[in-house]
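Notes follow once the structure below has been shown.
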Amino acid sequence: AALTKQTALLLSLPMLAYVFLYRSRFQAYCFTGFFITGLGLPSLLLNTATSDWYFFYTLDLPGQHPILWHRLYSFWVEQIIKPLPVAACMALCSFWLISSKQSPLLYTLIFFTMLACSCLPWIKVGGYKNVLLPAHAALALGAGIVLAAPYTGLTRRLLYIAACIQFALLRYNPLLILPGDGNAKTVHETVAAIKKIDGEVLAPASGYLTVKAGKTHTAHMGCIDDIIYAGPGPVRDRLIVEIVTAIREKRYAAILLDRKFSFFQQEVEANYTLYQQYGAHPRLWPLVKFWYVPRPQPATTAPTQSPDR
């Protein structure tokens, strides 16, 4: 899990504490050794294969992103209490149902560590809803313990009713997010339009479209933003210079965006203009909302000689 999302490293802390407190030294050392080997060797290989970029993106950059403390409210209220009120109450009640000697400590450590795995990246710049998965999994785990408790009669029926209410609060229509019949056609038409562009294309939000069109793949906007958010540094400064220079020199025959290019939008609008026939292709909007082409150079006139010369 840590190779997929670095916040999973936090979950190793309660497990390490558990094995050192309640298991033999031999088991604790074996667990630690297997953990370090299983995570360390693949990480070293990935870092070597990417010329140190793996550690830079997974360790260095996240540590440099500023913290937005006001997002604590949105985490607990907007993402936990409002959407999962019943599950949150059940999860709190689950602490009274853990009875064995070691389990309460392990369960408590894992439960709150999973909440931290979501809260810490959420309050940092760039935190998105995918980081909420550990917190929601912790609430689901606690609610499951309560629902599996040996209650009978009215209590069990009330628990089932509460669970149904929680599921009702999370209802949504999955058909609304399924690709329609025209989506494949839209992709093919967009790729065909990009193929007609004479020159390279910058598509930081939809790089796969340029690859399908036979163009060079460009860095994703998310990776670019991660470096910019990290603050001053040689990598950030070099990246800004390279992107700004490329835009000002109009190295790209077109710039395709599905949103504003946050840190470079002013440069784009100063040196590029929206494609004149863009409004004639509304079917391309779901993939490319802003289709920029180089702004024409202002006409210059040669100085004329005065009649007496």
Side-chain angles (χ1 to χ4, degrees), residues 4-5 50 53-54 56-58 61-62 64-65 68 121-122 124-132 176-180 182-231 235-295:
T4 303
K5 193 69 175 175
T50 58
W53 282 101
Y54 178 76
F56 177 75
Y57 266 109
T58 59
L61 280 184
Q64 298 176 36
H65 290 165
L68 305 177
W122 177 263
K124 283 204 166 190
V125 170
Y128 195 62
K129 290 187 176 181
N130 63 316
V131 303
L132 299 172
L176 297 178
I177 59 177
L178 291 177
N183 287 89
K185 182 180 179 182
T186 300
V187 173
H188 293 315
E189 290 178 345
T190 305
V191 172
I194 297 175
K195 284 183 178 180
K196 296 178 181 179
I197 300 175
D198 185 16
E200 290 300 326
V201 176
L202 175 64
S206 309
Y208 68 98
L209 294 175
T210 59
V211 174
K212 291 176 69 68
K215 307 290 185 181
T216 304
H217 190 280
T218 54
H220 194 274
M221 189 182 298
C223 297
I224 295 174
D225 289 346
D226 281 343
I227 295 178
I228 302 298
Y229 283 136
V235 176
R236 179 182 186 269
D237 296 341
R238 178 182 173 185
L239 179 65
I240 292 176
V241 170
E242 289 184 356
I243 294 178
V244 170
T245 302
I247 294 175
R248 290 179 178 177
E249 294 180 354
K250 300 182 177 65
R251 296 178 187 174
Y252 298 103
I255 297 179
L256 312 181
L257 304 172
D258 68 350
R259 73 202 81 163
K260 297 293 184 179
F261 201 175
S262 54
F263 295 99
F264 305 98
Q265 187 63 32
Q266 290 184 351
E267 291 291 341
V268 172
E269 294 179 354
N271 296 276
Y272 286 73
T273 183
L274 284 174
Y275 184 43
Q276 292 180 357
Q277 300 180 4
Y278 173 74
H281 301 280
R283 60 184 178 277
L284 304 183
W285 290 3
L287 299 175
V288 180
K289 291 182 171 60
F290 304 99
W291 189 299
Y292 289 95
V293 294
R295 188 178 295 276

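Fair warning: this is a prediction, and the values are worked out from it, not measured in the lab.
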Side-chain touch [X]/[Y], heavy atoms, less than 4.5 angstrom:
X	Y	result
Lys124	Leu68	no
Glu267	Ile243	no
Lys260	Gln266	no
Leu256	Leu209	no
Trp291	Ile194	yes

Between [X] and [Y], what is the shortest heavy-atom contact and its length?
X	Y	answer
Ala205	Met221	CB-CE, 4.1 Å
Ala253	Gly199	CB-CA, 3.9 Å
Arg251	Tyr272	N-OH, 3.8 Å
Ala254	Ile197	CB-CD1, 3.7 Å
Lys250	Pro294	CD-CB, 3.7 Å
Thr190	Thr186	OG1-O, 2.7 Å

task = Applying side chain to side chain contact (heavy atoms under 4.5 Å, CB included), run through Tyr229 and Gln64 and close with a yes or a no.
result = CA-CA 8 Å; Tyr229 283 136; Gln64 298 176 36; over 6 Å; no
key: Pair listing, side-chain hydrogen bond (donor to acceptor under 3.5 Å, both in side chains) test, anchored in residues 201-227, at least two apart   = Glu200-Thr216, Asp225-Ser262
task = Kindly indicate, with the supporting measurements, whether the criterion side chain to side chain contact (heavy atoms under 4.5 Å, CB included) is fulfilled by Phe261 and Ile224.
result = CA-CA 10 Å; Phe261 201 175; Ile224 295 174; 4.1 Å; yes
task = Kindly indicate, with the supporting measurements, whether the criterion side chain to side chain contact (heavy atoms under 4.5 Å, CB included) is fulfilled by Leu257 and Gln265.
result = CA-CA 10 Å; Leu257 304 172; Gln265 187 63 32; 3.8 Å; yes
request  = May I ask you to check whether over 12 heavy atoms, not counting those of Arg238, lie within 6.0 Å of atom CZ?
outcome  = no
message = Let me confirm one number: the CG-OH distance from Leu202 to Tyr252, rounded to the nearest 0.5 Å.
response =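 Here the interatomic distance stands at 5.0 Å.
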Step-by-step side chain to side chain contact (heavy atoms under 4.5 Å, CB included) determination, Ile227 to Leu61 = CA-CA 7 Å; Ile227 295 178; Leu61 280 184; 3.8 Å; yes
message = Among residues at least two apart in sequence or on other chains, which ones pass side chain to side chain contact (heavy atoms under 4.5 Å, CB included) with Ile240?
response =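 For Ile240, the residues satisfying side chain to side chain contact (heavy atoms under 4.5 Å, CB included) (neighbours in sequence not counted) are Ile228, Arg236, Val244, Phe264.
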